[in-house]
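Reviewing the structure listed below.
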Amino acid sequence: MGFKELDKVYDPTKVEDKWYTYWEEHKLFHGDETSKKKHYSIVIPPPNVTGMLTMGHILNNTIQDLLIRWKKMQGYETLWMPGTDHAGIATQNKVEAAIAEEGLDRHMLGREKFLERVWEWKEKYGGIIFKQLRHLGAACDWDRECFTMDENLSFAVKKVFVSLYDKGLIYRGRRLINWCPKCYTALADEEVDNVETEGKFWDLAYPLADGSGEIIVSTTRPETMLGDTAVAVHPEDERYKAMIGKKVRLPLIGREIPIIGDEHADPELGSGAVKITPAHDFNDFEVGHRHNLEQISVIDAHGKMNENAGHYNGLDRFEARKKILADLENLKLLRGERNKTVAIPKCYRSGDIVEPHLSDQWFVKMEPLAKPAIKVVREGQIKFHPKHWEETYFHWMENIRDWCISRQIWWGHRIPAWYCEHGHVTVSIDEPKACVECGSTNLEQEQDVLDTWFSSWLWPFSTLGWPDDTADLKKFFPTDTLATGPDIIFFWVARMIMASLEFMDDIPFKDVYFNGMIRDLSGKKMSKSLGNSPDPLWLINGVDGKDITAFSKVNPSYKKGVPAYGADAIRLTMVYLTPLGGDIKFDHTLIELGQKFTNKLWNASRFVLMNLDEDQPVLLLKDIPESNLEMADKWILSRLNRAIIEIEKSLHDFRMNDATHALYSFIWTEYCDWYIELIKSRLYDSENPEKQQVARSVAVYILDNIVRLLHPFMPFITEELWQNLPDVLHQESDVKSIMSQPYPKAETERIDASVEKDMTLLQQIIGAIRNIRGEMNVPPAKEADLIVLGASKAKQALIKSSSHSIQKLARVSHITFDNERPKLSATAVVQGMDIVVPLAELIDIEVEKSRLSKEIERIDKQLAGLSKKLSNRDFIARAPKDVIDKEKEKQENWQTSLKKLEENLQLLLQD
RNA sequence: GGGCGGUUAGCUCAGUUGGUUAGAGUACUUGCUUGACAUGCAAGGGGUCACUGGUUCAAAUCCAGUACCGCCCACCA
């Protein structure tokens, strides 16, 4: 015994950090841009610089790591590019909250000092998530770690801005945009969540200026009436047609505004007449354009009424609403109030109600960029997995609207545009000396910064060195797979495709894998604020309930703490549970699946390794003569190769869960439950060292394949086990690591259908005996005899040659054929043979009777259905021949079984 | 309002192009400290595949509709 005996229980905490350090030290995560090998690259969806690891990251990064490790073992030069996003609004909000505790706000500090504070924050808290990702095992190339505000990435941003500006695709304009009064900045359409809310719908009466009557308008936002510049009715609306062209006197303000005819007014809705406020409503803005209406802002950027709001000036917008309603009520101009669900636009960062706000902003004209990006997906150059997300993509891209890219915050890439005192704009990568139009040297840079996504849409090539023509770009671009969540399909995925086609003249990636969302068991999205998400590091490293203080409303089940499941167990569980693109309802107890599997693998390996012997070398499979392989050996080799094919196919199709299932059942059911049990007698048979050696060698050969197949799924335990395998199995490599070993390839010549068929028979016989024993509650210690009736010569031979296995696995002493059967015996039918277990003193006749009756009833029922099918003339006439043959064969088999079972039951009833 | 997804065992989920006796893990029942593993072994019970109709020789699977759940998009003020 020269092999190290493994611990009885696998402890991930003893293993995981050790191997991660080893891999990192030996540069096994490094992508070599000078390599001659084919490349495979992935860019990480950059987490926010202040981000913390969530369960969603666990799933997303496990999938990326799985792909990278799989491809690396397959011989590709792999690169997994890590990096973080500066996340403008989110990060600025965080730092502002932090300085608020010191009684400061950013304006007190000023731009420069404030940014210093953000950078300090970034240095301190940025990248924590990457320390956490290391615990997960992520094989990121940390030497290349990027940040969206790195010098070269910032240069890329400026270069892109100038290029699009020069092409006329970036413009500046006074538009109505989504404004968050809390974040004090413009937002893109995608940054606004429309939340259905119970609201009110008020009817207001506007008197006609000539005193001839009034017109009723309906609104959900009465406070904006101060900015009304018209009332619109449908031009075909008989009720109001005659009023078009007349004027109304706006209550409270007294301004005279026209009644106009416009199809925007829906006669079905409310009174059919609608107030028009071009400065505070997107529709009204359009109507205003059509009719040349004045745009009067009455709400300022802080959400307060402004000087145009008369004596409401200075009031908060919602207080103003109350006041205005009360005042109209007093004037008897408030004519109705109804409940109505309305979609309230909210800022996805702060949650504050977004205000349509008239201001000068920068925009990207998207349509010309979208066209080629639609094409590459439609033509299949880029494939989405699951495919149905392509529909969502097309729908958005075909109706794309211009992208508002300016943000009125400080943390981000400052827009490279300068204004002179005459209002001319100069756009340039470097600070210009003089205005391009008038030559003025009195220039001031734009105060606004760019939307965060304006840097992340360049991510697949800016991280590789663009705009320089780098070796990295040549080697690793376009990247291969993008794995991300469908929630950022518009924010990020679509824009990366557009940017890449525009600036690289190529697609950014070939496949996009959308992982599902992690929910809690009640189906709610997991989030820290809901307190329904565990900290993933608790699950990896374990935590005592006392230490859980991170969240205010922690799920009670975490208060007791959780054991150290280890990264491998979590990874395996996640991919086992994740259907292509489907959501996962998650609870930490589900990880027991992975934990148990980890322990099973560990112990199976422990068993195989403890049975090796230094004095008896392990034979390589190619050195074992075919004739020395027993049925069990051939069978497990056959099954291994089928599993390899299945895994390869599943991973290729991004069906990670199928690949995981294939591995799981191969390892647990076939290798552990059957193969290892079958070879035990050979392993223990020191009288027959040659057979022993073959059994040992095949067992460890399969184990070697198992750990390599499993490595992308469970990197740590497989490295630990692989390192413990005999050296003869290790292929030479620069660094001794499973990461440098080849991924198993299928050897189809090892697939042997006839051996599998024989094995099935054996399993069925053993299963039948076990079933009898189990139903009768026969203790394992009691051995029984076995009589097989009606077996063909071939089957007899097979049973004889495997008699030892049957005896061992089914706890049988003697096996005989065609003996007379004792009256008191339990019986089963397998492939037309009677399996008779004479257990006179062991069995309960009544139990056996009911067992047989139940079985007869079951087969009878099935047979009835089948007979009906086969007597259907249409079925015979129209179904394919092979289907009919199969059904007929089935019928014969069942009929035989039924007959035999009935005979057996009769024998028992005779007593 | 439009679009997309879902509804299969108590729970979490598989089920690829229609043809299996509808599966896995877990939970449950029973028997086992069987020379790797009680985080284990063996056996067992449990499903009218949401509902209704249609296509077909044949539907969990294809089509239409209904109900419920979820997500996304949209200017009904």
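Letters A, B, ... mirror the listed sequences (proteins, then strands); counts begin at 1.
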Given A/Tyr348, A/Trp403, A/Trp396, the one that forms ring pair (Phe, Tyr, Trp, His ring centres under 6.0 Å) with A/Phe491: A/Tyr348

Determine whether the aromatic ring of A/Phe875 stacks with the base of B/rA58, defined as ring centroids separated by less than 5.5 Å and ring planes inclined by less than 30°. no

From the list B/rC72, B/rA43, B/rA42, which nucleotide is the closest neighbour of the side chain of A/Asp673? B/rA42

Name the nucleic acid region contacted by A/Asp281, choosing base, sugar-phosphate or nothing; use a 4.0 angstrom heavy-atom cut-off, strictly under. sugar-phosphate

Need the pair for B/rG65. Rule: Watson-Crick or G-U wobble, both distances under 3.5 Å, any strand; none if unpaired. B/rC51

Tell me whether A/Glu646 is salt-bridged to A/Lys649, with the criterion being a basic N under 4.0 Å from an acidic carboxylate O. no

Counting side-chain heavy atoms from C-beta on, which of B/rA43, B/rA36, B/rC13 comes nearest to A/Lys680? B/rA36

Would you indicate which nucleotide in B/rA77, B/rG44, B/rA36 comes nearest to any side-chain atom of A/Glu775? B/rG44

NA contact type, A/Gly594, heavy-atom cut-off 4.0 Å: base, sugar-phosphate, or nothing? nothing

Indicate, with a heavy-atom threshold strictly under 4.0 Å, whether A/Arg519 touches base, sugar-phosphate, or nothing. sugar-phosphate

Whole angstroms only, please: what is the CG-P distance between A/Asp653 and B/rG15? 12 Å

Please work out if A/Asp266 contacts a base, only the sugar-phosphate, or nothing of the nucleic acid, heavy-atom cut-off 4.0 Å. base

Closest to side chain of A/Lys890, choosing from B/rU20, B/rG25, B/rU12: B/rU20

Given B/rC72, B/rA77, B/rA36, the nucleotide with the shortest approach to the side chain of A/Phe490: B/rC72

Would you measure the distance from the C1' atom in B/rG46 across to the matching atom in B/rU29 and give it in whole Å? 11 Å

Out of B/rU16, B/rC72, B/rG19, which has the shortest distance to the side chain of A/Arg655? B/rU16

Using the P atom on both, measure B/rC63 against B/rG70 and round to a whole Å. 25 Å

For A/Trp668, which contact category applies under a 4.0 Å heavy-atom criterion: base, sugar-phosphate, or nothing? sugar-phosphate

Indicate, with a heavy-atom threshold strictly under 4.0 Å, whether A/Gln595 touches base, sugar-phosphate, or nothing. base

Could you check which nucleotide pairs with B/rU12 in any of the strands shown, counting Watson-Crick or G-U wobble with both distances under 3.5 Å? B/rA24

Quickly, which of A/Ile766, A/Ile679, A/Leu762 forms a side-chain contact (heavy atoms from CB on, under 4.5 Å) with A/Trp674? Name it, please. A/Ile766

A/His234-A/Tyr240 aromatic ring centre distance below 6.0 Å: no

What nucleic acid atoms does A/Ala232 come within less than 4.0 Å of, heavy atoms only: base, sugar-phosphate, or nothing? nothing

Report yes or no: is there a donor-acceptor pair, N or O only, under 3.5 Å between the side chain of A/Lys600 and the base of B/rC37? yes

Which is true for A/Val9 with a 4.0 Å heavy-atom rule: it touches a base, it touches only sugar-phosphate, or it touches nothing? base

A/Glu783 CD to B/rG31 C1', in whole Å, measures 17 Å

Can you tell me how far P of B/rG70 sits from CG of A/Asp193, to the nearest Å? 16 Å

Is the base of B/rA58 touched by the side chain of A/Lys868 through a donor-acceptor pair closer than 3.5 angstrom? no

Quantified in whole Å, what is the P atom distance between nucleotide B/rG5 and nucleotide B/rU20? 26 Å

Determine whether any donor atom in the side chain of A/Glu677 lies under 3.5 Å from an acceptor atom in the base of B/rA36, or the reverse, and answer yes or no. yes

Between B/rA42 and B/rG6 - C1' atom distance, rounded Å: 37 Å

Is A/Lys8 touching bases, backbone alone, or none of the nucleic acid, heavy atoms closer than 4.0 Å? sugar-phosphate

Any sub-3.5 Å donor-acceptor pair from A/His357's side-chain atoms to A/His280's backbone N or O? no

Distance, P atom - from B/rC72 to B/rG10, rounded to whole angstrom: 31 Å

What is the base-pairing partner of B/rC4, counting Watson-Crick and G-U wobble geometry with both distances under 3.5 Å? B/rG70

Taking the nucleotide of RNA chain B with the closest heavy atom to each, which residue, A/Ala604 or A/Ser218, is nearer the 5' end? A/Ala604

Assign A/Phe586 to base, sugar-phosphate, or nothing according to its heavy-atom contacts below 4.0 angstrom with the strands shown. nothing

Roughly how far apart, to the nearest Å, are B/rG40 and B/rU7 at atom C1'? 36 Å

Rounded distance (Å) that lies between atom P of B/rU39 and atom CD1 of A/Ile717: 16 Å

At 4.0 Å (heavy atoms only), tell me whether A/Arg858 reaches a base, stays on the sugar-phosphate, or touches nothing. base

So, does A/Thr573 use its side chain to make a donor-acceptor pair with the main chain of A/Gly594 at under 3.5 Å? yes

Candidate nucleotides B/rC37, B/rA42, B/rA36, ranked by approach to the side chain of A/Met610 - the nearest: B/rA36

First encountered from the 5' end of RNA chain B, between A/Arg401 and A/Lys854: A/Lys854

By the 4.0 Å heavy-atom rule, please label A/Tyr684 as base, sugar-phosphate, or nothing. base

Nucleotide of B/rA36, B/rA14, B/rU39 approaching A/Asn599 most closely (side-chain heavy atoms): B/rU39

By nearest atom, which of the nucleotides B/rC73, B/rC4, B/rA27 is closest to the A/His395 side chain? B/rC73

In whole angstrom, give the distance that lies between atom OH of A/Tyr671 and atom P of B/rA36. 13 Å

Quote, to the nearest angstrom, the C1' distance that separates B/rU61 from B/rG23. 15 Å

Taking A/Met366's backbone N and O only, do any of them form a donor-acceptor pair with A/Asp402's side chain (distance below 3.5 Å, no angle check)? yes

Are the side chain of A/Asp11 and the backbone N or O of A/Thr13 linked by a donor-acceptor pair below 3.5 Å? yes

How close or far is atom C1' of B/rA14 from atom CG of A/Asn657, stated in whole angstroms? 7 Å

Salt bridge A/Arg851-A/Glu848, side-chain N to carboxylate O under 4.0 Å: yes

What's the CG-C1' distance between A/Asn194 and B/rC76, to the nearest Å? 13 Å

Sugar-phosphate, base or nothing in reach of A/Pro880, heavy atoms under 4.0 Å: base

Please state how far atom CG in A/Leu577 lies from atom P in B/rU26, giving the value in whole angstrom units. 12 Å

Counterpart base for B/rU29, defined by Watson-Crick or G-U wobble contacts under 3.5 Å: B/rA43

Would you measure the distance from the C1' atom in B/rG44 across to the matching atom in B/rU39 and give it in whole Å? 22 Å

Check this for me, if you would: do A/Lys14 and A/Asp7 make a salt bridge, where the nitrogen-to-carboxylate-oxygen distance has to be below 4.0 angstrom? yes

At 4.0 Å (heavy atoms only), tell me whether A/Asp658 reaches a base, stays on the sugar-phosphate, or touches nothing. sugar-phosphate

Indicate whether OP1 or OP2 belonging to B/rA74 is found under 4.0 Å from a side-chain N or O atom of A/Asn399. no

